[in-house]
Each structure stands twice: as C-alpha cells, then as structure tokens.
Amino acid sequence: MAKSRITGGSQLRGSLRQISTGLTVPINEASRKALQPTLKAAKRNLKANGSVESGELLKLMTIRKDPDAPKDKPRHVVGPATTNPAYREAHLVEFGTAPHFQPELHRLHPGAQAKPFLRPAFEETKGGAIKRFGESIGPAIEKRAARLERKRKP
C-alpha cells in the first residue's frame, strides 16, 4: 500500500492569512454587489404591497454594514438606513402588528396586516447572491495573491 504525505500546510496557512489581510474593501464591495438584486426586489415588493403611503420606507431602503457583526467578520444587510424609529422598524411592515394601545395618542390601534417584502425578496434572490459574491471576490483574491507573490520574489 502506497503512503502519501502532504507538505506545505504551514506555508499555505501563512499565505492565506496574508491574502486575507487585504480583502476588507473587496469583501464589502462584493457583499454590496451580491445584495443589489435583493434590494431591488424588496423595493419592488414594497410597491406591490401598497406599503409606500409616504414613500419614506422605500426611500430609506439600502444595503448597509450590520453594526452588530464582529469587526473581523463583516456582514451586510438589506434594510432601512436610518435611526428614525418610525422607519427603522421595517419588521412591523413585514410581519404586521396586533391591536395595541397607543398611550401617547390615548387610543387603541387596530393593528396592521403583514405585508412581507424582505423575506420574499430574499427567497427570490438567495441562489444568485452567493454566485455574484463569488464572481466578485474571486478576482480580488487572485489580485491580492499575485501582489504578494511579486513582493516575495527577489
């Protein structure tokens, strides 16, 4: 029985670490590119659902970096770009609300029907997002590896 031995593991690990240090900007760009169709579908769904009464939520929809993601693992999300509580809570449109009392207005709110727009957009575009990300990040990784190789050669 023939035995084989793989060598170069530590060099490979070191090379991959070096490559990864220069990819923050390309990862962010690839993420945004991958999520563009999801954003477009979400906006289209908002219009189709009749959820554009004032147009503010539609106008605020964007792709942004998730502030809760660890710094070394950037994550991007599709949602409203605002700190305004009236529009930060897109999930109330997505899932609807139950009847509830509004103390500041001294009245009972009848609730709101769910008008899903984000989940359907995600379901419609999720297969292509990974492909778009890979197509975008692949050349950036190759470019970074080539740059490191040129530096290494005397």
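These numbers come from a predicted model, not from an experiment. When a residue number appears, it is its place in the shown sequence, counting from 1.
Between the side chain of R107 and the backbone N or O of Q102 there is no donor-acceptor pair closer than 3.5 Å. At distances below 3.5 Å, not a single donor-acceptor pair connects side-chain atoms of R32 with backbone N or O atoms of H76.
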Exercise for the section: Carefully, step by step, assess V93 and L57 under the rule side chain to side chain contact (heavy atoms under 4.5 Å, CB included). Expected result: CA-CA 10 Å; V93 175; L57 181 57; 3.9 Å; yes
Practice task
Please assess E56 against K59 for the test salt bridge (Lys or Arg N to Asp or Glu O under 4.0 Å), listing each intermediate value before the final yes or no.
Solution key: CA-CA 5 Å; E56 283 299 308; K59 185 171 70 176; 3.1 Å; yes
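Looking at every heavy atom in both residues, L118 comes nearest to E94 through N-OE1, 2.7 Å. In this structure, T97 and L92 approach most closely via the heavy-atom pair CG2-CD2, 3.7 Å. Nearest heavy-atom pair across K65 and P74 is CE-CB, 3.9 Å. Nearest heavy atom pair, residue F117 against residue L46, reads CD1-CG, 3.6 Å. Annotation for P99 and P110: closest pair CG-O, 3.4 Å, computed over non-hydrogen atoms. Contact between N49 and P116 at its shortest, heavy atoms only, is ND2-O, 2.8 Å.
Taken from NZ in K115 to CD in Q113, the straight-line distance is 6.5 Å, to the nearest 0.5 Å.
Residues in residues 40-51 take part in these salt bridge (Lys or Arg N to Asp or Glu O under 4.0 Å) pairs, two or more places apart or across chains: R44-E124.
The side chain to side chain contact (heavy atoms under 4.5 Å, CB included) test applied to A30 returns F133, S136, I137, not counting sequence neighbours.
The shortest distance between side-chain heavy atoms of V78 and M61 falls below 4.5 Å.
No more than 12 heavy atoms of other residues, nucleotides or ligands lie within 6.0 Å of CD1 in I130, so this atom counts as exposed by the packing criterion.
Taking a cutoff of 4.0 Å between a charged side-chain nitrogen and a carboxylate oxygen, E135 and R132 do not qualify as a salt bridge. Ion pair R119/E123 flagged as a salt bridge, since at least one NZ, NE, NH1 or NH2 atom sits closer than 4.0 Å to an Asp/Glu carboxylate oxygen.
In the hydrophobic cluster analysis, where Ile, Leu, Val, Met, Phe, Trp and Tyr join through side-chain heavy atoms closer than 4.5 angstrom, F122 is grouped apart from V77.
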